[in-house]
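To start, the structure itself, in structure tokens.
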Amino acid sequence: MRIAPEAKILWEQAETILLRGGRLVDPASERDGAHDLFLRGGRVELIAPEIRREADLTIDLSGLVVAPGLGDLHVHLREPGGEDAETIASGTLAAARGGFTRVACMPNTTPPLDDRSAVEFVLHQAQAAGHARVYPVAAATRGRQGRELTDMHELREAGVLAVTDDGSPVESSRVMRRVLEYARTAGLLVMTHAEDLGLAAGGVMHEGYWSTVLGLRGIPAAAEAIAVDRDVRLAELTGARLHVAHVSTRAAVEIIRSARNRGVAVTAETAPHYLALSDEALRGYDSVFRVNPPLRGEEDRAALIAALRDGTIDVIATDHAPHTQLAKDHELEATPPGMIGLETSLGVTLEILHHREGFALADVVSMMAARPATIMGWGGGAVRLGEDADLSVFDPAAAWEVDPEQFASQARNCPFAGWTLHGRVRMPVCQGELMHEEAVEFCPSERLLTRIP
Ligand code: DOR
């Protein structure tokens, strides 16, 4: 069922819109229950259990969840330089389709996002595409070379909220210390790609039983733990805000948990693929399952879920890493790591955490909207009166089969092809606008009531 074409047209014409009968799940205001939303000129004018007002357009959202627009702290949009894999337009359309209204894009482009002009280019392309808000995360060091720091004050002025050399770690502890110190003076968050390159070198999967059986070079869990430990200690030393990207191991979780107990300002993310898959997935040597950090063992997978439960890991981020079919179509060792995730993130998270593990919907919305907003300080993450409507309307129970051929992303390196997921985005609204017609599957036209002639 596609969006009723009239929905988008009517939405554009309507000055007032009543979203009726949905279940509002907004952890920031502790609302979880039936609420109507009244929008005027794209802004939220009223939120109440039942609104009896006439509107130009009324949409019946019964059976659906109304959440704040989702935020993804970690995506690769590949532009500039990697437009054969993804563009800012295709990546943000994929984001919208996945329910995201805000995404933070990583600086490992060609050239890297390490100065004002590169950041302004990304912002310009995002604005032109208009599918989601994009927050470029700039490089922490020039050229992501790990030697000289970038001009973080200038980057902050250009609109940057965080820095990282993601794709690779800042190898030198001395340079990382300076990154944290300097970022602190500029009020920037530091996101760390925590990996000990010496230990990880040459590895293509998690080091353990399956790497031995398959005869593939492994990356030990210690490669992550050692780097997380170093960066947490440096955050403690410098007082800077540290965010640990793509946590994949139990050992890293334990280090983060103990640091937080000491009061260190550290937050963390993990990705849906670490919750849904383990290293056994590589038994067919399929390069779609190669990712860095690698899919880990069952014990790690369970530890990540426990860490989300007790709040040690704050957010789910996709690490959406598009690659061309050409690049992935080789033997495992010769392919780049990374998998796409924007269009499956909510479905996989609901499937694993909500349906299987019993997490409340409010917990999932916290991890995917409210906490990303708090960590990045990008606004949103809540449904607030007077603000532009930024919503993700989804059906938490709708079953659908993942078919990457249908994706808005240019890339097809999705590890969930053929999976049946329960939980589907129906209606992303960004800055008061109903997103692109092709971007959504939506309610049939009988849900629409209009007084527009
Ligand atoms: O698997 C990964 N892919 N891990 C990274 O750190 C980088 C990313 C990419 O850019 O492809």
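Because the structure is a prediction, the values reported are computed rather than measured. We count ligands from 1, going down the list as the structure has it; atoms in each ligand are counted the same way.
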Which pairs would a plain distance check flag for residues 263-271, meaning a side-chain donor or acceptor within less than 3.5 Å of a matching protein atom at least two apart in sequence or in another chain?
unit_1, atom_1, unit_2, atom_2, d
T267, OG1, H243, ND1, 2.8
E269, OE1, H243, NE2, 2.9
E269, OE2, H74, ND1, 2.8
E269, OE2, H246, N, 3.0
T270, OG1, V247, O, 2.7

Legend entry - Residues E157 and R116 bridged, charged N to O under 4.0 Å: yes

Inset, instruction - Decide whether H76 and D319 meet the rule of one side-chain donor and one side-chain acceptor closer than 3.5 Å. - result: yes

Legend entry - Of all pairs that satisfy ring pair (Phe, Tyr, Trp, His ring centres under 6.0 Å), the ones with a partner from residues 144-165, not counting sequence neighbours: H153-Y182

Inset, instruction - State, yes or no, whether a side-chain contact exists between I340 and H320 at a heavy-atom distance under 4.5 Å. - result: yes

Inset, instruction - Quick one, list the residues around ligand 1 where some non-hydrogen atom comes in under 4.0 Å, by chain and residue number. - result: H76, R78, N108, G167, H193, V291, N292, A321, H323, P337, G338

Inset, instruction - Enumerate the residue pairs fulfilling ring pair (Phe, Tyr, Trp, His ring centres under 6.0 Å) with a member in residues 99-125, sequence neighbours excluded, ordered by first and then second residue. - result: none

